Q: 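I am attaching a structure below and will ask some questions about it afterwards.
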Amino acid sequence: VAETPEGPTVTRSSRRLAAVLGLAALLVACGSEGELAVEDARSRMSPMFVGVGAVYLDIVNDTDADDRLVGASVEASIADRVEIHETFDAEQDMADGAMDDDAMDEDAMDEDAMGDGDDDAMGDGGMDDDAMDGDGVEATAEGFAMMGMREIAALDIPAGTTIALVPGGYHLMLLELATDLQPGDEFELTLEFESAGERTVTVTVSDDV
Amino acid sequence: VRPLPVLASLAAVGVLIGGLVMALRPEPELPGLVRDPAPQVEGLGFLDHRESDVGTLTDLVPPAGELTLVYFGYLSCPDMCPLTMADLRRAREQIGPDLAARTRVAFVTLDPDRDDPSSLRRYLSFFFDEDYLALRAPDPAALDEAAERLGVRFEVEGHEPGQKHYEVSHSAITYIIDDRGMVVRELPFGAPAEDYARVIEAALLAPAA
């Protein structure tokens, strides 16, 4: 079962809300009730020469059937290819003895993507008592852990759930970027689902994802 | 009794009480983490993108009354690093040009094999105008020492010279460093730009210790 990474979702909800309100006219939601829809597709500004970018979005499975995201693509003028990635707690993963070549393994889907590893991430002492009282930080403590990134073969989208691809959790990684992604730019992204087939959405580039 | 003065005095009392409540409400906690004792960066030296030819080392201590915002990352990072740069960019916009001019972002690469000085410069200049530091440690031991001093955790996958794709795992924290060379606060990846802005503003406006 693919867990929705909760931390960044919470932290950025207000920003996401603002983004939704501001860009509502630009967003393409390809579904209505009872369908599988992709919403709020956005990318963060990235320079072409580093070769990589990331797309975040929400996948709303309003159907009665489980589905899976199995692939994604953009036009060659944007990037050569798109992979499904997760950012994960590399220390937790090493502790689990699962560091090696299972990146493409189905099992990767079952592991703690982000949400749960927070407590031990904060385990190294030396912080003052109220250090974690600030709003927003508790939910984003993963920044203190050593995070890695890996490709996953597919992303489960169970029936009746919304899976959020958010910074620090799952993302779609653009490889071999063919252009600078500047705030305000837009491009088309096609997602391929095992059951629902293809969905094409417009991705908006922002410095606030 | 005419109703008007009664209403007016009621309103005045209301304003008074309201003001009192506002004044008595404690300041909201600043987000992020404070370590005790505060890490000290004095003596850590890095190759600056401007000075690398000359061989002089730059430290992370800002001029009097200013802040250095230090982040350790790598350029091929699609998710956490550029997101943090974009957040810092927005935070500096939010605090306004006068305060922003008293801050500079320093990016220290954890991946010196791929991130050469000119790439670092191009990367930082994508997010910031002139005022940034694109840094490399002079040697692996110096990077290890800096990481240890600040609490940066990272791991670079083994690779051959010239290899393009390999993994870098790392903690993703922005360190706010004052003119004494002390890390006064640190913010993990995922904090909203507003949090960075609040922390930077508070550190700039804090009375000298």
Side-chain angles (χ1 to χ4, degrees), chain A residues 7-8 11-12 14-15 44-54 56 85 87-91 93-94 103 121-122 124-128 130-150 166-169 171 173-175 180 182-183 206-209, chain B residues 28-39 74-90 93 114-115 118-120 122-127 151-155 157 164-165 167-174 185-195 198-199:
Chain A
T11 320
R12 291 178 181 268
S14 58
R15 311 169 64 189
R44 183 225 44 250
M45 58 185 296
S46 299
M48 175 183 79
F49 80 95
V50 298
V52 294
Y56 309 100
H85 277 232
T87 300
F88 66 102
D89 184 334
E91 286 158 310
D93 213 58
M94 276 185 281
M122 298 304 303
D124 52 348
M127 62 196 69
D128 63 13
D130 60 356
M132 295 308 292
D133 288 349
D135 52 343
V137 174
E138 208 153 23
T140 61
E142 71 270 11
F144 290 110
M146 190 169 77
M147 307 305 293
M149 190 189 69
R150 64 186 161 206
V166 294
H171 58 269
M173 180 162 168
L174 307 173
L175 287 114
D180 282 340
Q182 298 278 11
S206 163
D207 63 357
D208 174 23
V209 297
Chain B
E29 287 279 339
L30 282 175
L33 186 150
V34 177
R35 290 187 197 274
D36 184 19
Y74 68 110
L75 301 194
S76 320
C77 173
D79 190 26
M80 298 191 292
C81 303
L83 192 89
T84 302
M85 292 302 107
D87 284 338
L88 288 172
R89 170 188 148 108
R90 287 186 64 241
E93 282 168 7
R114 279 185 296 196
D115 300 345
S118 96
S119 299
L120 281 163
R122 286 173 70 189
Y123 185 81
L124 271 296
S125 66
F126 187 78
F127 294 99
V152 177
R153 283 176 285 171
F154 73 105
E155 195 172 275
E157 188 186 353
K164 259 183 94 176
H165 298 287
E167 298 300 327
V168 178
S169 302
H170 64 106
S171 54
I173 301 169
T174 300
R185 195 168 279 271
E186 49 196 84
L187 275 170
F189 157 78
E194 291 73 17
D195 280 7
R198 278 178 62 206
V199 165

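Residue numbers start from 1 in every chain, and the chains themselves are labelled A, B, ... in the order their sequence lines are given, proteins ahead of strands. This is a predicted model, so every value here is computed, not measured.
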Q: With only heavy atoms counted, which part of A/Met45 is less than 4.5 Å from chain B, the side chain, the backbone, both or neither?
A: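 Both backbone and side chain.
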
Q: Given a strict heavy-atom distance threshold of 4.5 Å, which part of B/Arg89 is in contact with chain A: side chain, backbone, both, or neither?
A: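 When you check distances to chain A, only side chain atoms of B/Arg89 fall under 4.5 Å.
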
Q: Could you pull out all residues at least two apart from B/Asp115 that satisfy side chain to side chain donor-acceptor pair (under 3.5 Å)?
A: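 Only B/Thr109 meet the side chain to side chain donor-acceptor pair (under 3.5 Å) criterion with B/Asp115.
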
Q: List for me each residue that meets side chain to side chain donor-acceptor pair (under 3.5 Å) alongside B/Ser76, sequence neighbours excluded, and say none if there are none.
A: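 B/Ser76 satisfies side chain to side chain donor-acceptor pair (under 3.5 Å) with no other residue.
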
Q: If you measure from OG on A/Ser46 to CG on B/Leu83, what distance do you get to the nearest 0.5 Å?
A: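 Going from OG on A/Ser46 over to CG on B/Leu83, the span is 9.5 Å.
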
Q: Which heavy atom in B/Tyr123 sits nearest to a heavy atom in A/Pro47, and how many Å separate them?
A: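 In this case the closest contact between B/Tyr123 and A/Pro47 is CD1-CG, 3.9 Å.
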
Q: Return yes if some donor-acceptor pair links the side-chain N/O of B/Asp79 with the main-chain N/O of A/Pro167 below 3.5 Å, else return no.
A: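 No.
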
Q: Rounded at 0.5 Å granularity, tell me how far CG in A/Asp207 sits from CG in B/Asp87.
A: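 That separation rounds to 8.5 Å.
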
Q: Report which part of B/Val152 has an atom under 4.5 Å of a heavy atom belonging to chain A: side chain, backbone, both, or neither.
A: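 Contact with chain A is absent: no heavy atom of B/Val152 under 4.5 Å.
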
Q: Nearest 0.5 Å please: distance from the CZ atom of B/Arg90 over to the CG atom of A/Asp208.
A: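 Answer rounded to 0.5 Å: 3.5 Å.
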
Q: Shortest non-hydrogen contact from B/Leu75 to A/Val50?
A: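 The pair with the smallest heavy-atom distance is O-CB, 3.5 Å.
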
Q: Quick check against the 3.5 Å criterion: does A/Arg44 have a side-chain atom that pairs as donor or acceptor with the backbone of B/Pro78?
A: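 A pair under 3.5 Å: yes.
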
Q: Kindly compute the distance separating CD (B/Glu155) from CE (A/Met146), expressed to the nearest 0.5 Å.
A: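 The CE atom of A/Met146 is 4.5 Å from CD of B/Glu155, to the nearest 0.5 Å.
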
Q: With respect to chain A, which residue among B/Glu167, B/Arg122, B/Glu157 yields the maximal number of heavy-atom pairs within a distance under 4.5 Å?
A: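 Top count of heavy-atom pairs under 4.5 Å with chain A: B/Arg122.
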
